[in-house]
Amino acid sequence: MSQMLKTHLYDEHVKLGAKIVPFAGWDMPVQYSSVKDEVLAVRSKVGVFDVSHMGEFFVEGQDAEKFVDHLVTNDILSAPVGKAIYSPLCRENGTVIDDLIVYKLAPGRVMICVNASNIEKDFSWMKSKHHGYDCSLTNLSSIFSLLALQGPESFKILKSIIPQLPDLEYYSVFESAGGQQPIIIARTGYTGEDGFEIFGHHQTIKDMWKKLMELGVTPCGLAARDVLRLEVCYPLYGHELNDDLNPFDAGLGWTVKLNKTNFIGNLELNKKLSKHKLIKLLLDKGIPREGYPVMNSLGEKIGEVTSGTMSVVLNKGVCLARIEIDKVPTDEVFSIDIRNKLYPAQILKKPFVTGGHK
Amino acid sequence: MATQIPGNLKYTKEHEWALVEGDTVTVGITDFAQSALGDIVFVEVPEVGSDLKIGSTFGVVESIKSVSDLYSPVSGEVLAKNNDVEGSPEKINQDAYGSWLIKVKMNNTSETQNLLTAEQYQEFCNSSH
């Protein structure tokens, strides 16, 4: 294995006593104090995550929006400048290469934020589709750091550091002008709470991190991030999504805009065929984990847990599970096989926890 | 990582502690183990009367994000299990040596000779991280 990458905040994490684990080729903080305290800080106050391992691509030129709209399944063209749009990136056969967020920074200037583990795969795919568009495509992942400031007090805290920060709408983005180092601030996140993602050059972000620590913001690791996203049922690539699934398999039909004129995968996705259904299960007892079998009332295996955890807010086991589409039981009776013992599980229509985002 | 290792207990390389009293052994997980696991949220141990084999798994402890097997330090029959800790697993984080999991009646008391002393366990913890 090659040398692990470190974010520019690595030394700060070590100083704070973080437990460091390898993730997608990076040495990342998984927890600082306690996963529970970090989750609760984000749900009730404010926490900050170093997610600098994620990738940033820039598309610039007169065809920028047109090119990105062709690449992804969601509608980029009709969204106004200043909006952020979540979307899968699909192949012609409809399978998902990655899920990402597109930020419309200015006319002819678009940023795309992608999963760390998929940076190379996404970039070479986009490059291969770039021909004929009058715009540049650049991978600036190595010059950008990224913080996610999340929780109900995020706006108050960030405004105290950046007085000119506008009260952005949810899923909107703001790029600071002027002669300073560029800073891009979006009201987005992966926790279900109000919050901001702050993209900037390494020193800018390092200074910001230190200020947030001085202001008493709780540093949070990848473990808390995973619990938070799972409590509000956000998918994670490599778990709910992968190279063999289409967006419908992961409950992301709402991100596929079939009325768009033309985009990669539209012919196949137009059939709306899915082999799987992603469901939400809540357990009274037992903690579901990835790979555990999901059973019907006859004790037959009908699917698998894709992500599972103990919910900190509910103090109960929760999971997302992928069920074979022709085996979804009409009686809605489910159980999960945990170490050869069946634990009853209740199917929910809504996420386990309702985040407080705008 | 500073961690307590009481001198009156025996230990396994899987981070269980064992209090040996005649042919009865009380079993729990060490302070090192609870600290490495983080917030413990679930404990599963066998029913009274179950047979255990030395070195084989007899239950699990789960933190929010992970599952860890428990390994039996000796062979024998489960005499008692700690329902308090099953009901409030966070007690293990608060006091690992005060939160026993099971008591076992040994088949063969000589098996305790294979367990680590406090000194050996300390050395093992120092060298394993």
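Chain naming here is simple, since letters A, B, ... match the order of the sequence lines and numbering starts at 1 in each. Bear in mind the structure is a predicted one, so any value in this text is a computation, not a measurement.
- Interface remark: A/Val39 contributes no atoms to any contact with chain B (heavy atom separation under 4.5 Å).
- Heavy atoms from other residues, nucleotides or ligands lying under 6.0 Å from CD of B/Glu90 number more than 12.
- For the atom pair B/Ser63 OG and A/Met310 CE, the distance stands at 10.5 Å (nearest 0.5 Å).
- Other residues, nucleotides and ligands contribute more than 12 heavy atoms inside 6.0 Å of the CD atom of B/Gln120.
- Shown here are the ring pair (Phe, Tyr, Trp, His ring centres under 6.0 Å) partners of B/His15, two or more places apart in sequence or in another chain: B/Phe32, B/Tyr121, B/Phe124.
- Nearest heavy-atom pair, A/Thr309 versus B/Ile64, reported as atom, atom and distance to 0.1 Å: OG1-O, 3.2 Å.
- Between B/Lys65 and A/Ala223, the shortest heavy-atom contact is CG-CB, 3.7 Å.
- Comment: A/Arg339 engages B/Glu62 in a salt bridge, judged by a side-chain N to carboxylate O separation of less than 4.0 angstrom.
- A/Lys19 places a side-chain N or O within 3.5 Å of a backbone atom of B/Ala36 that can act as its donor or acceptor partner.
- In A/Lys36, the NZ atom is not crowded: 12 or fewer heavy atoms of neighbouring residues, nucleotides or ligands sit closer than 6.0 Å.
- More than 12 heavy-atom neighbours from other residues, nucleotides or ligands sit within 6.0 angstrom of NZ on A/Lys6.
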